[in-house]
Amino acid sequence: MLPEVFGVNAWVRSVADRLAAHGHPALAVPLFARTAPDLELAYEPSDLAQGRRHKDATTSDQILGDVAAALAWLRARHPQASVHLVGFCFGGHAAFLAATLPGVAAAFDFYGAGVSRMRPGGGEPSLALLPEIQARLTCVFGTADPLIPAADRETIASVLRKADPAGERLRCVNYDGADHGFMCEARSSFNPEASAQGWRLMLEGL
């Protein structure tokens, strides 16, 4: 599980607990451990600014290295387990990147902004890595998300459709009227209906 810019906070732990309650033990990866090992922020403007500073200091290579280490840790303890990635916000973008790693069965990118426009640390947009993704990939967006406008959503959907016209392995899902962060009960943008749909989609794919 890959968290938002707010770090491994109470909501992230609640999601891990909820997944475990459904029979899917979850490991939350602290994506900003190099600059803030114990980052745990609230959903306040000042906290968002702090989290974004750590996000901006994080590169794709660091993300891939951290997720690869987490996968190795899991495989050592559960060699037969099917490993899935779930990420939210910046963690959603990270999940898209980490879906390129060997051994990932599926990845869920919940409102990962910037996938079609940039890559953490620089380089081509992360969307250019799609040919390297062998896992099942689901990108989930809200149509009212200002961080992922319609043009970005359509670019991502178009590239996924071109690679998998049947939509059996690669797919985009849009929830009408949902804002950025709609899955998180602690955020003002929480959307109960879209969140319930997102949870059903995620649990069906695990």
Side-chain angles (χ1 to χ4, degrees), residues 1-4 12 15-16 19 22 24 26-29 31 58-71 74-75 81-121 123-143 145 147-175 178 180-183 194-195 197-206:
M1 185 182 161
L2 307 177
E4 311 153 302
V12 169
V15 173
L19 288 169
H22 281 89
H24 307 291
L27 173 66
V29 179
L31 294 174
T58 302
T59 69
S60 297
D61 286 344
Q62 291 170 343
I63 291 168
L64 292 171
D66 288 347
V67 177
L71 294 175
L74 287 168
R75 288 194 194 102
S82 177
V83 179
H84 298 229
L85 304 176
V86 177
F88 303 90
C89 185
F90 182 69
H93 193 146
F96 187 101
L97 286 167
T100 62
L101 294 170
V104 175
F108 281 87
D109 164 8
F110 279 92
Y111 37 85
V115 168
S116 63
R117 290 181 280 105
M118 55 80 71
R119 187 181 303 184
E124 282 189 288
S126 298
L127 188 59
L129 295 172
L130 187 67
E132 299 180 28
I133 295 178
Q134 301 303 311
R136 299 194 311 277
L137 173 68
T138 303
C139 297
V140 186
F141 306 119
T143 62
D145 186 342
L147 300 181
I148 312 174
D152 287 15
R153 297 195 307 272
E154 181 50 39
T155 296
I156 295 168
S158 176
V159 172
L160 267 60
R161 280 196 304 268
K162 184 176 180 180
D164 180 19
E168 295 177 350
R169 186 175 64 85
L170 307 172
R171 58 179 175 168
C172 280
V173 178
N174 293 298
Y175 293 137
H180 193 77
F182 68 81
M183 291 288 287
S195 176
Q197 291 175 316
W199 269 99
R200 283 196 297 271
L201 183 73
M202 179 167 45
L203 290 172
E204 288 168 0
L206 294 178

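- Side-chain contact between Leu130 and Leu137 is present, with heavy atoms from C-beta onward closer than 4.5 Å.
- Between the side chain of Arg169 and the backbone N or O of Ala135, at least one donor-acceptor pair lies under 3.5 Å.
- When side chains are defined from C-beta on, Thr100 counts as touching Leu64, because their heavy atoms get closer than 4.5 Å.
- The line from OH of Tyr175 to CG of Asp145 is 14.0 Å long, rounded to the nearest 0.5 Å.
- Put simply, the side chain of Glu132 never gets that close to the backbone of Leu129: no donor and acceptor are under 3.5 Å apart.
- Side-chain contact between Phe108 and Leu2 is absent, with no heavy atoms from C-beta onward closer than 4.5 Å.
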Which donor-acceptor pairs under 3.5 Å do side chains of residues 84-94 form with protein atoms, sequence neighbours excluded?
unit_1: His84; atom_1: ND1; unit_2: Gly205; atom_2: O; d: 3.4
unit_1: His84; atom_1: NE2; unit_2: Ser82; atom_2: OG; d: 3.1
unit_1: His93; atom_1: ND1; unit_2: Ala113; atom_2: O; d: 2.9
unit_1: His93; atom_1: NE2; unit_2: Ser126; atom_2: OG; d: 2.6

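- In this structure, CG on Leu27 lies 11.5 Å from CG on Leu19, to the nearest 0.5 angstrom.
- A heavy-atom distance below 4.5 Å is not found between the side chains of Pro120 and Thr58.
- With values rounded to the nearest 0.5 angstrom, Leu160 atom CG is found 8.0 Å from Ile133 atom CD1.
- With sequence neighbours left out, Arg75 forms a salt bridge (charged side-chain N to carboxylate O under 4.0 Å, His left out) with no residue at all.
- Between Met202 and Met183 there is a side-chain heavy-atom pair separated by less than 4.5 Å.
- Residues Thr138 and Phe110 have side chains not in contact (no heavy-atom distance under 4.5 Å, counting atoms from C-beta outward).
- Checked by atom type and distance alone, the side chain of Ser158 never pairs as donor or acceptor with a backbone atom of Glu154 at under 3.5 Å.
- For His180, the ring pair (Phe, Tyr, Trp, His ring centres under 6.0 Å) partners two or more places apart in sequence, or in a different chain, are Tyr111.
- Contact of the Pro125 side chain with the Ser116 side chain is not registered, since no non-hydrogen atoms from C-beta on lie closer than 4.5 Å.
- Between Ile156 and Phe141 there is a side-chain heavy-atom pair separated by less than 4.5 Å.
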